[in-house]
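Residue numbers begin at 1 in each chain, while the letters A, B, ... track the order of the sequences. What's counted below: heavy atoms across the whole structure, side chains too, no hydrogens, waters or symmetry copies. Small disclaimer: the values here were computed from a predicted structure and weren't measured.
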Protein chains: 2
Amino acid sequence: MATGRTHRPATRSRGIPEATVARLPLYLRALTALSERSVPTVSSEELAAAAGVNSAKLRKDFSYLGSYGTRGVGYDVEYLVYQISRELGLTQDWPVVIVGIGNLGAALANYGGFASRGFRVAALIDADPGMAGKPVAGIPVQHTDELESIIRDNGVSIGVIATPAGAAQQVCDRLVAAGVTSILNFAPTVLSVPDGVDVRKVDLSIELQILAFHEQRKAGEEATTGVAAETAVPAAAREESGTDQGPDGDVPAVMPA
Amino acid sequence: MATGRTHRPATRSRGIPEATVARLPLYLRALTALSERSVPTVSSEELAAAAGVNSAKLRKDFSYLGSYGTRGVGYDVEYLVYQISRELGLTQDWPVVIVGIGNLGAALANYGGFASRGFRVAALIDADPGMAGKPVAGIPVQHTDELESIIRDNGVSIGVIATPAGAAQQVCDRLVAAGVTSILNFAPTVLSVPDGVDVRKVDLSIELQILAFHEQRKAGEEATTGVAAETAVPAAAREESGTDQGPDGDVPAVMPA
DNA sequence: CAGTGTGAACCGTTTCACAGCC
DNA sequence: GGCTGTGAAACGGTTCACACTG
């Protein structure tokens with residue numbers, strides 16, 4: 001799927017395919033787990049299984065980074081962790097602001113995976129004056145009025161939007177104007193941003209709709225013709241249902257600009 | 001990303017490309033907005049802009065559904081809303097269970113986009129006995145012990161996992177054993193499921209890492225050689241940064257099985 | 001004649017299969 | 001001998017450009 005945008009002709013050597021970039025975090029997580037168990041080396045086969053992709057894809061992916069493996073042996077776990085971290089830019093610290101501290105914003109603020117890999121929640125911002133000062137995940141919420149100064153004072157370049165849909169574009173505009181160049185958008189809206197700004201979106205309702213599509217198809221298949229599900233699909237009857245085998249990667253899109 | 005699995009050879013006429021399926025919810029959302037404003041028809045150009053894709057892609061997508069437009073005129077909004085809803089299986093009601101009612105689970109339970117489009121939160125499940133009975137988003141949380149009976153009694157085929165990573169696989173196994181065939185996974189783990197079960201994942205930390213990668217590249221480019229960001233990227237300097245133009249779709253992956 | 005519908009070209013990604021190296 | 005690294009083939013998706021139609 002990877003509709004991923006091709007930032008820059010990609011013709012150059014530093015051109016790692018977007019689909020590969022999207023899988024690097026997956027490899028990194030699997031490698032980190034191995035590292036914690038003090039496993040010294042892995043084969044492409046093992047690592048691929050742990051990351052949920054197939055080994056050919058993994059080897060091809062790594063080949064874009066360079067030749068970090070040893071033929072006949074496999075990959076050195078620690079070394080790979082470092083190389084991938086570096087490639088992803090996780091060896092530096094990325095201050096992030098979260099705008100919109102509702103249920104979701106709070107969930108994000110509390111999310112551990114944040115701090116673990118180079119990201120640091122620099123500030124929580126909300127439009128509700130009543131929230132100001134209240135600590136969420138140990139960080140005091142600040143009012144939207146402070147947005148610009150927070151961005152600038154902390155050198156923030158990554159922003160997370162967790163506001164209601166109606167406020168998203170406006171927040172986005174302010175973030176961009178203040179210097180943010182990468183945005184993770186949880187609001188169900190299409191954001192428009194100037195060139196040079198990356199937007200990635202996470203949309204729960206879309207994911208569910210895609211699942212529903214496949215679910216519907218499964219139901220339709222088992223009962224040969226129509227008769228679409230009225231009740232649930234019996235857990236049993238799934239002889240040759242839809243899904244496929246093997247784990248597969250995923251490549252969310254970087255929206256336009 | 002769309003590594004999307006090809007459920008079924010896709011050779012058949014009913015074979016709508018995975019990438020197209022992933023965009024249908026986007027079109028649906030845009031169309032719904034138009035519908036609310038009582039706009040009777042749209043051209044592919046207008047609708048594409050509202051959905052954040054280009055018109056050629058949109059027309060090609062619609063061509064897989066059939067010929068629902070009128071040459072020289074455009075598409076009938078209401079009619080299209082219905083056709084896409086039907087195609088996505090949203091004309092029926094999908095009961096969904098959410099397992100893991102922490103910050104994220106609560107956010108999901110409160111998420112409005114849920115109910116709006118064919119989905120109904122049938123139950124909230126959590127392993128903490130202390131949570132049992134407590135209402136979240138107006139729905140009383142039930143204990144994990146009830147999981148199997150809830151699934152069966154409500155004919156649930158779609159489950160959402162919002163538990164910590166450590167519990168995810170176990171919850172997943174129980175959901176699948178009880179009859180769930182589609183899972184939306186928010187836990188940062190690779191789930192393994194039997195054939196016939198679809199898994200889609202949403203992973204915050206992965207999205208951020210992908211953004212960091214591009215962000216890093218932007219910083220590296222402006223300062224010709226190295227000198228990677230120490231402070232933020234000046235909002236100004238972004239002549240020919242990374243991002244591209246035009247809005248683009250996205251196609252998260254359906255994980256393996 | 002404006003705008004849909006679509007064959008055909010193009011392009012990025014995945015998969016295959018094997019040469020090369022430890 | 002085992003496993004990596006990689007050309008080349010296969011594939012799915014996107015873009016182009018235009019024929020066709022209301």
Side-chain angles (χ1 to χ4, degrees), chain A residues 1-11 13 15-24 41-49 52-76 79-80 244-254 256, chain B residues 1-11 13 15-24 41-49 52-76 79-80 83 244-251 253-254 256:
Chain A
M1 81 148 210
T3 153
R5 300 292 51 242
T6 308
H7 302 237
R8 199 152 280 236
T11 324
S13 68
I16 298 175
E18 193 55 35
T20 295
V21 171
R23 280 187 297 265
L24 292 181
T41 60
V42 251
S43 66
S44 62
E45 201 66 60
E46 296 164 331
L47 182 54
V53 301
N54 71 53
S55 63
K57 202 184 283 184
L58 178 143
R59 285 201 304 278
K60 180 62 96 178
D61 283 343
F62 286 180
S63 79
Y64 293 117
L65 309 184
S67 290
Y68 296 150
T70 307
R71 296 171 198 242
V73 179
Y75 301 90
D76 180 277
Y79 187 55
L80 248 193
D244 276 24
Q245 16 62 23
D248 210 345
D250 135 309
V251 185
V254 172
Chain B
M1 93 167 146
T3 156
R5 300 290 58 234
T6 308
H7 301 238
R8 199 151 278 237
T11 322
S13 67
I16 298 174
E18 192 57 33
T20 295
V21 172
R23 280 187 296 266
L24 291 181
T41 60
V42 250
S43 67
S44 62
E45 201 66 59
E46 295 165 329
L47 183 54
V53 301
N54 70 52
S55 63
K57 202 184 282 184
L58 178 143
R59 286 201 303 279
K60 178 63 93 178
D61 283 342
F62 285 0
S63 78
Y64 292 119
L65 309 184
S67 289
Y68 296 150
T70 306
R71 296 177 196 238
V73 179
Y75 301 90
D76 180 278
Y79 187 55
L80 247 194
Q83 290 300 342
D244 276 23
Q245 17 65 18
D248 209 346
D250 138 308
V251 183
V254 170

Where is the tightest heavy-atom contact between B:E46 and B:S43, given as atom of each residue plus distance? OE1-N, 2.9 Å
B:D76 atom CG is separated from C:dT4 atom P, nearest whole Å, by 13 Å
Counting the atoms with a prime plus P, OP1 and OP2 as sugar-phosphate, which does A:F62 contact under 4.0 Å by heavy atoms, base, sugar-phosphate, or nothing? nothing
Interatomic distance, B:L58 CG vs D:dT15 C1' [rounded to whole Å]: 14 Å
For nucleotides 6-8 of chain D, which of its nitrogen or oxygen atoms have a protein nitrogen or oxygen under 3.5 Å away, and what is each distance?
residue, atom, partner, partner atom, Å
D:dG7, N7, A:K60, NZ, 3.3

Closest non-hydrogen contact found for B:G69 with B:Y75 is CA-CD2, 3.4 Å
Rounded to whole Å, please give me the gap between CD in B:E45 and P in C:dT4. 8 Å
Consider side chain to side chain contact (heavy atoms under 4.5 Å, CB included). Of A:T41, A:V42, A:V53, which one does A:L47 pass it with? A:V42
Length of the CG-P vector between A:L80 and D:dC3, whole Å: 16 Å
Please determine whether a side-chain nitrogen or oxygen atom of A:N54 lies at a distance below 4.0 Å from atom OP1 or OP2 of C:dT14. no
Separation of D:dA17 P from B:K57 NZ (nearest whole Å): 17 Å
Stepwise side-chain contact (heavy atoms from CB on, under 4.5 Å) test for A:L65 and A:I16: CA-CA 8 Å; A:L65 309 184; A:I16 298 175; 3.6 Å; yes
Centroid separation B:F62 to B:Y68 less than 6.0 Å: no
Whole-Å distance, A:E18 CD to D:dT14 P, equals 14 Å
Phosphate OP1/OP2 of C:dC22 contacted by A:Y75 side-chain N/O (<4.0 Å): no
For A:G74, report the nucleic acid contact type (base, sugar-phosphate, nothing); a contact means any heavy atom under 4.0 Å. sugar-phosphate
Looking at C:dT4, I'd like to know if its phosphate oxygens (OP1 or OP2) sit under 4.0 Å from a side-chain N or O belonging to B:S44. yes
Rounding to a whole Å, what distance do you find between B:Y68:OH and C:dT6:P? 12 Å
Sequence neighbours excluded, the answer for side chain to side chain donor-acceptor pair (under 3.5 Å) partners of B:S44 is B:R59
Starting from P on C:dG5, measure out to CG on B:L47 and report it in whole angstrom. 12 Å
